[in-house]
There are 2 protein chains.
Amino acid sequence: MFKALGNPHRLLIFQRLSRCCQPGTRCDLEAAIRFSVGELGEGMEIAASTLSHHLKALHHAGLIEMERQGKQINCWIDPAVLEKLSGFFDPQTEFENIGGCDVR
Amino acid sequence: MFKALGNPHRLLIFQRLSRCCQPGTRCDLEAAIRFSVGELGEGMEIAASTLSHHLKALHHAGLIEMERQGKQINCWIDPAVLEKLSGFFDPQTEFENIGGCDVR
DNA sequence: TCGATAATTCGACATATTTCGAAATGTAGA
DNA sequence: TCTACATTTCGAAATATGTCGAATTATCGA
C-alpha cells in the first residue's frame with residue numbers, strides 16, 4: 001500500500017478521493033466521494049494509459065474501489081481503508097491486513 | 001515518506017521502531033524505543049551497506065532520527081511523525097509537511 | 001449497425017531502485 | 001598508536017518503475 005502511495009501522481013489521486021465527507025460528518029461507503037477515471041486525471045499532465053496504469057496499481061494495492069457506470073468507471077475509497085491506514089501509525093493499535101490488499 | 005515506507009525492508013525497520021511505548025502509556029521522545037543500526041538489521045538477510053542505505057533513505061524522508069552514541073548509531077522515531085502520518089488518513093485532519101521531511 | 005467516447009492492454013524505452021562487495025571513516029580500548 | 005568494531009561511501013550490476021503511443025475493448029446513442 002505504501003509503495004502505491006509512494007508515487008506523486010498516485011498520491012494525488014488518492015488525496016482527491018480521500019476528502020470523502022464534510023467536516024463534522026462521519027464517513028461511510030455511501031457518502032464516499034466518487035470520481036471517474038477521466039475526472040481524476042484532470043490537471044495531471046499524464047497520458048490516459050499512464051493514468052489507467054496508476055489506478056490499477058492503487059486498486060491492486062487495495063487502496064481504491066472501481067466500478068463501471070455506463071461509459072465511465074467510477075473510483076472511490078472505502079472509509080475502512082482510511083481507518084486501517086490511520087491505525088497503522090498508532091502504536092496502540094494492532095495492524096491487520098485488509099481484504100483486497102495485495103501482500104507478498 | 002510513503003515511497004520510503006514502500007520497501008519491505010524499510011517498512012520492517014520502521015515497524016520495529018514504531019512500538020515506541022507500552023500499551024496504555026503515552027509516547028514521547030524520551031520514551032521512544034531506540035535501536036542501533038546493527039540491531040535493526042538483525043534477522044534481515046541484507047548486507048550492512050544495504051541496511052545503511054535504507055536507514056539513510058528513512059532519515060532523509062524525515063521518518064527516523066539518528067544519533068551517534070559511541071561506536072554505534074542509534075535510531076528512533078519522533079512520536080510527532082507517527083501522529084502526523086496517522087492524521088494524513090483522517091479526512092477531518094488538515095495535513096501539513098513535517099520539519100525534516102524531504103519534499104520534491 | 002456504426003461512430004463517438006471512456007478506459008485498458010501491450011510493447012518499448014528511459015530512468016530509478018535495490019543490492020552487493022570493497023574500501024573508507026569514525027570511535028573506543030589495549 | 002594500533003587494532004577491532006560499527007557504520008558509511010562508492011561504484012557496478014540486475015531488476016523494477018513510470019511513461020508514452022498505438023491498438024483494443026466496452027458502452028451509449030443515432
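Throughout, protein chains are lettered first and strands after them, A, B, ... in sequence-line order, and every chain is numbered starting at 1.
Here the C1' atom of nucleotide D/dT9 and the CG atom of B/Leu51 are 14 Å apart, to the nearest Å. Across the protein-nucleic acid pair, B/Gln72 atom CD and D/dA6 atom C1' stand 7 Å apart, rounded to whole Å. With rounding to whole Å, B/Glu42 atom CD is found 11 Å from D/dA6 atom P. Taking atom NE2 of residue B/His60 and atom C1' of nucleotide C/dA16, one finds them 15 Å apart after rounding to whole Å. Between A/His59 atom NE2 and C/dA7 atom P the separation is 15 Å, expressed in whole Å. Remark: C1' of D/dT27 and CD of A/Gln69 are 12 Å apart, rounded to the nearest angstrom. For A/Met66 and C/dT8, the CE to P distance is 5 Å, given to the nearest whole Å. For A/Leu55 and C/dA6, the CG to C1' distance is 12 Å, given to the nearest whole Å.
When distances run from any side-chain atom of A/Ser52 to the nucleotides D/dC20, D/dT9, C/dT9, the shortest one goes to C/dT9. Comparing atom distances between the A/His53 side chain and each of C/dT8, D/dT19, D/dT9 picks out D/dT19 as nearest. For A/Ile46, the listed nucleotide lying nearest its side chain is D/dC20; candidates were D/dT8, C/dT8, D/dC20. The side chain of A/Arg68 sits closest to D/dA26 out of D/dC10, D/dG21, D/dA26.
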Which donor-acceptor pairs under 3.5 Å do side chains of residues 61-80 of chain B form with protein atoms, sequence neighbours excluded?
from: B/Arg68; atom 1: NH1; to: B/Gly70; atom 2: O; distance (Å): 3.2
from: B/Arg68; atom 1: NH1; to: B/Lys71; atom 2: O; distance (Å): 3.3
from: B/Asp78; atom 1: OD1; to: B/Ala80; atom 2: N; distance (Å): 2.9

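Contacts of residues 3-10 of chain B with DNA chain C (heavy atom under 4.0 Å): B/Lys3, B/Asn7, B/His9, B/Arg10.
Between A/Lys71 and D/dG29, a side-chain N or O to OP1/OP2 separation shorter than 4.0 Å is absent. Between A/His54 and D/dT19 there is a side-chain N or O to OP1 or OP2 distance below 4.0 Å. Applying the 4.0 Å criterion to OP1 and OP2 of C/dT19, one finds that B/Thr50 has every side-chain N and O outside that range.
Contact record, B/Ala4 with B/Arg10: O-NE, 2.7 Å, taken as the closest heavy-atom pair. Considering every non-hydrogen atom in both A/Arg16 and A/Met44, the closest pair reads NH1-CE, 4.1 Å. B/Ile13 approaches B/Leu55 most closely through the heavy-atom pair CG2-CD1, 3.8 Å.
Interatomic distance, NZ of B/Lys56 versus CG of B/Leu51, reported as 13.5 Å (0.5 Å rounding).
Qualifying ring pair (Phe, Tyr, Trp, His ring centres under 6.0 Å) partners for B/Phe2, counting only residues two or more places apart in sequence or in other chains: A/Phe2, B/Phe88, B/Phe89.
In this structure a side-chain-to-backbone donor-acceptor pair under 3.5 Å is present from A/Ser18 to A/Phe14.
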